[in-house]
Asks: 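This is the structure I have questions about; it appears just below.
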Amino acid sequence: MLPVEEQLKVITSGTMQIVPLDELKKKLEKGTPLNIKLGVDPTSPDLHLGHAVPLRKMRQFQDLGHKVTLIIGNGTALIGDPSGRDSTRPPLTEEQVEANAKTYVEQAMKVLDPEKTTIVHNGDWIKPLNLGKMLGLMSKFNVARILEREDFHNRYTEGRSIALHEFIYPVLQAYDSVVIDADVEMGGNDQIFNLLAGRDLMRAEGMEPQVALTMPLLVGTDGTKKMSKSYKNYIGLTDAPADMFGKVMSIADEIVPMYYRLCSTCSLDEVDAIDRAFADGTADPYKLKRALGRNIVDLYHGAGEGEKAERAFDDLFKKHEIPEDIPQVSCDLTPNDDGQVYLARVLVEAGLAKSASEARRLIDGRGVKINGEAVAPKSYNVDPAMLAGATLQVGKRHFAKLA
RNA sequence: GGGGAUGUGGCACAGCGGCAACUGCGGCGGACUGUAAAUCCGCUCCUUCGGGUUCCUUGGUUCGAGUCCAAGCAUCCCCA
């Protein structure tokens, strides 16, 4: 293993908080592989780059010789993590959790080293808990302490509801740490309370407490809000290469260095150099963004895919050519009484518009093209001959080819 | 258990009983670009355009209800 100082350099890069740092140092000094914990709440099956941030940090731990325990929260899912929430989470069914967990693991393994990763389910030890044991765990925690949490505090002071069972979530998450004897628990910055709860409980159980390590929440492609599916500012790990590259190209300049640090496979030195270049104004954001796009696509789709995606991107957006792999759709092109086809309906069927009304508005706004030719406003009906095998386009980036 | 307040389109916030409903944000389309930022323009319930269906739910008053009344549901506040 590398010297402790070297390891710490890698580990601290990009982290938000390490509580406490000197305990982490002591653990590293033992020279034995540490057990790094990440709890996964399988609420939504699609991972994005934001989810990958802690995963990347864990991969760095693995590369340094440590091992990772991934906990699938099929037990804690019965509650739903209240962290950062302003309302109670809807509970998930067992089947949803399993299905989500499966896709989660598939995607996570693109980042993690499977050799050094153990996967466990916390339902295995949470579901058998009896009331006595439960109460025992709960007695180690204090309501006032839990109410200090920002999310609960906000909900409480803003008069939003907090269901009683939500208080139990940190308790169970802490119990996970006891069961697997974690050395370090990773999480997003919104997880800090839950991670600290783990420390408290481990100490109460007479164990060496885990170190809490949080990563910043990744800012989404809009550059302001955190990356989240609901804000539609996310880059999905399973996004198609060209799409992924394009989304990277669309991020704001200011957040490029952060993306390099948190999402790329670039070395610490390279990332530091990019930081400096941005700081003194010598950076070329456009070039760096393209390189970042290639790096990220390579990471999730395999070496070489990044360059391919970049070429496809240039064809599409620099030369305004129609991309090669556009979805094929078969639509009902039966003409109506006057021998025309209602284009608005076709656009809906092709998935390019939500409703016929929207399609009509798009046509009126000159946003619809057939084979590259803009459709004139008000021409909602078109000659079927124009449509057979035609390429439909809405806006700059939505295409469909008619069968 | 008692008293009070609130419930409008993804979000926020308007709306004397009489035009699908002000405005902002967001989103989408167009121009300009580096699918960045900034800026400008248009659109943002459904409808082959005739019309249809909306303002928590259900009833009621009315020629006419987002607006008035009643009950219910939900959330919040104060008291116990």
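What you see is a predicted model, and the numbers here were worked out from it, not measured in a lab. A note on names: the letters A, B, ... follow the listed sequences, proteins ahead of strands, and every chain is numbered from 1.
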Asks: Looking only at atom P, what distance separates B:rC55 and B:rC68, rounded to whole Å?
Replies: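 That atom pair is separated by 14 Å.
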
Asks: Would you call the rings of A:His66 and A:Phe61 parallel, tilted or perpendicular, taking 30° and 60° as the class edges?
Replies: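 Rings of A:His66 and A:Phe61: perpendicular, over 60°.
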
Asks: Starting at atom CD1 of A:Ile363, determine the distance to atom C1' of B:rC49, rounded to an integer number of angstrom.
Replies: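 Atom CD1 in A:Ile363 sits about 14 Å away from atom C1' in B:rC49.
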
Asks: From C-beta outward on A:Ser250, which listed nucleotide comes closest to its side chain: B:rA36, B:rC28, B:rU48?
Replies: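 The closest nucleotide is B:rA36.
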
Asks: Are any of A:Tyr286's side-chain N or O atoms less than 4.0 Å away from OP1 or OP2 of B:rG34?
Replies: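 No, A:Tyr286 has no side-chain N/O under 4.0 Å of OP1/OP2 on B:rG34.
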
Asks: Stacking between A:Tyr380 and B:rU48, defined as ring centres under 5.5 angstrom apart with planes under 30°, is that present or not?
Replies: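 Here A:Tyr380 fails the 5.5 Å or the 30° condition.
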
Asks: In whole angstrom, give me the gap between the C1' atoms of B:rU6 and B:rU67.
Replies: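 So the two C1' atoms sit 16 Å from each other.
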
Asks: Measuring to OP1 and OP2 of B:rU47, would you say a side-chain N or O of A:Ser355 lies under 4.0 angstrom away?
Replies: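 For B:rU47, OP1 or OP2 has a side-chain N or O of A:Ser355 closer than 4.0 Å.
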
Asks: What integer distance in Å separates A:Arg360:CZ from B:rG51:P?
Replies: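 Interatomic distance, CZ of A:Arg360 to P of B:rG51: 14 Å.
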
Asks: Paired with B:rC68 by Watson-Crick or G-U wobble geometry, both distances under 3.5 Å: which nucleotide is it?
Replies: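 The answer is B:rG60, by the H-bond criterion.
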
Asks: Which of these passes side chain to side chain contact (heavy atoms under 4.5 Å, CB included) with A:Asp183: A:Leu34, A:Val211, A:Thr69?
Replies: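 Going through the options one by one, the only one that passes is A:Leu34.
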
Asks: Quote, to the nearest angstrom, the P distance that separates B:rC16 from B:rG3.
Replies: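 Looking at atom P only, B:rC16 and B:rG3 are 29 Å apart.
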
Asks: Looking just at side-chain N and O atoms, do A:Thr334 and A:Asp332 make a donor-acceptor pair shorter than 3.5 Å?
Replies: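 Yes, a side-chain donor-acceptor pair sits under 3.5 Å.
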
Asks: Whole angstroms only, please: what is the CZ-P distance between A:Arg345 and B:rC49?
Replies: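 From A:Arg345 CZ to B:rC49 P: 13 Å.
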
Asks: Rounded to the Å, how far apart are A:His398 NE2 and B:rU35 P?
Replies: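 So the NE2-P distance, A:His398 to B:rU35, works out to 15 Å.
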
Asks: Please state the C1' separation for the pair B:rG2 and B:rU53 - nearest whole angstrom.
Replies: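 Per the computed distance, 41 Å lies between those C1' atoms.
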
Asks: Using the C1' atoms only, state how far B:rU62 lies from B:rG18, rounded to an integer number of Å.
Replies: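 Their C1' atoms lie roughly 12 Å apart.
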
Asks: Would you verify whether the NZ or CZ of A:Lys369 falls within 45 degrees of the ring axis of A:Phe399 while also being under 6.0 Å from that six-membered ring's centre?
Replies: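 No - A:Lys369 does not lie over the ring of A:Phe399 by the 6.0 Å and 45° rule.
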
Asks: Return whichever of A:Val348 or A:Glu254 has its heavy-atom-nearest nucleotide of RNA chain B closer to the 5' end.
Replies: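 Between the two, 5'-proximity favours A:Glu254.
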
Asks: In whole Å, measure the gap between the C1' atoms of B:rA65 and B:rU47 for me.
Replies: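 That atom pair is separated by 25 Å.
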
Asks: Can you find a donor-acceptor N/O pair under 3.5 angstrom joining the side chain of A:Asp253 to the base of B:rG34?
Replies: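 Between B:rG34 and A:Asp253, which were checked side chain against base, a qualifying N/O pair under 3.5 Å is present.
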
Asks: When you check the gap from the basic side-chain N to the acidic O, do A:Asp63 and A:Lys116 get nearer than 4.0 Å?
Replies: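 Looking at A:Lys116 together with A:Asp63, the answer is no, because their closest N to O distance does not fall below 4.0 Å.
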
Asks: Is it true that A:Glu358 and A:Arg361 have a side-chain N and a carboxylate O under 4.0 angstrom from each other?
Replies: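 No, A:Glu358 and A:Arg361 are not salt-bridged.
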
Asks: Which nucleotide in the set B:rG29, B:rU47, B:rU35 lies at the smallest distance from any side-chain heavy atom of A:Phe313?
Replies: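 Closest nucleotide to the A:Phe313 side chain: B:rU35.
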
Asks: To the nearest Å, give me how far apart CZ (A:Arg290) and C1' (B:rG34) are.
Replies: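 In whole Å, B:rG34 C1' and A:Arg290 CZ are 9 Å from each other.
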
Asks: Using a 4.0 Å heavy-atom cut-off, does A:Asn336 contact any base of the nucleic acid, only the sugar-phosphate backbone, or nothing at all?
Replies: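 The answer is base, as A:Asn336 lies within the cut-off (heavy atoms under 4.0 Å) of a base atom.
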
Asks: Kindly indicate whether the side chain of A:Lys354 and the base of B:rU47 share any N or O donor-acceptor pair separated by less than 3.5 Å?
Replies: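 Per atom types, no contact qualifies.
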
Asks: May I ask you to say what A:Lys289 touches in the nucleic acid, namely base, sugar-phosphate or nothing, with a heavy-atom cut-off under 4.0 Å?
Replies: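 It contacts base atoms.
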
Asks: Could you tell me how far apart A:Phe245 (CZ) and B:rA36 (P) are, to the nearest whole angstrom?
Replies: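 Answer to the nearest Å: 14 Å.
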
Asks: With both distances kept under 3.5 Å, what pairs with B:rG42, Watson-Crick or G-U wobble?
Replies: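 For B:rG42, the partner nucleotide comes out as B:rC28, under the 3.5 Å rule.
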
Asks: Could you give the distance separating B:rG10 and B:rG60 at their C1' atoms, to the nearest angstrom?
Replies: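 Straight-line distance between the two C1' atoms is 33 Å.
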
Asks: Applying a 3.5 Å limit to both distances, which nucleotide forms a Watson-Crick or G-U wobble pair with B:rC49?
Replies: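 The answer is none; no pair meets the criterion.
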
Asks: Any strand counts, and the cut-off is 3.5 Å on both contacts for Watson-Crick or G-U wobble. Which nucleotide pairs with B:rU6?
Replies: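 When the pairing criteria are applied, B:rA74 turns out to be the nucleotide that pairs with B:rU6.
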
Asks: B:rA38 and B:rA5: how far apart are their C1' atoms, nearest whole angstrom?
Replies: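 Going atom to atom, C1' in each nucleotide, I get 43 Å.
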
Asks: Could you say whether A:Gln340 or A:Gly365 is positioned toward the 5' end of RNA chain B, judged by the nucleotide with the nearest heavy atom to each?
Replies: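 Closest to the 5' end, via its nearest nucleotide, is A:Gly365.
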
Asks: Flag the pair A:Glu23 and A:Arg199 as a salt bridge only when some basic side-chain nitrogen lies within less than 4.0 angstrom of an acidic carboxylate oxygen.
Replies: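 Salt bridge between A:Glu23 and A:Arg199, a charged N being under 4.0 Å from a carboxylate O: yes.
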
Asks: Calculate the interatomic distance between A:Glu358 atom CD and B:rG29 atom P; express it in whole Å.
Replies: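 A:Glu358 atom CD is separated from B:rG29 atom P by 9 Å.
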
Asks: Just confirming the chi classification of B:rG52, syn or anti, using 90° around 0 as the syn window.
Replies: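 For B:rG52, whose glycosidic angle is more than 90° from 0, the conformation is anti.
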
Asks: Using a 4.0 Å heavy-atom cut-off, does A:Gly246 contact any base of the nucleic acid, only the sugar-phosphate backbone, or nothing at all?
Replies: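 The residue A:Gly246 makes base contact.
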
Asks: With a 4.0 Å limit, can you tell me whether A:Ser357 has a side-chain N or O closer than that to the phosphate oxygens OP1/OP2 of B:rU47?
Replies: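 Affirmative; the distance criterion is met.
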
Asks: Check this for me, if you would: do A:Asp314 and A:Arg290 make a salt bridge, where the nitrogen-to-carboxylate-oxygen distance has to be below 4.0 angstrom?
Replies: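 Yes, A:Asp314 and A:Arg290 are salt-bridged.
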
Asks: Could you state the CG-P distance from A:Asp364 to B:rC41, rounded to the nearest angstrom?
Replies: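 Those two atoms, CG and P, are 20 Å apart.
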
Asks: OP1 or OP2 of B:rC46 sitting under 4.0 Å from any side-chain N/O of A:Arg361?
Replies: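 Answer yes for this pair, as a side-chain N or O of A:Arg361 is under 4.0 Å from OP1 or OP2.
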
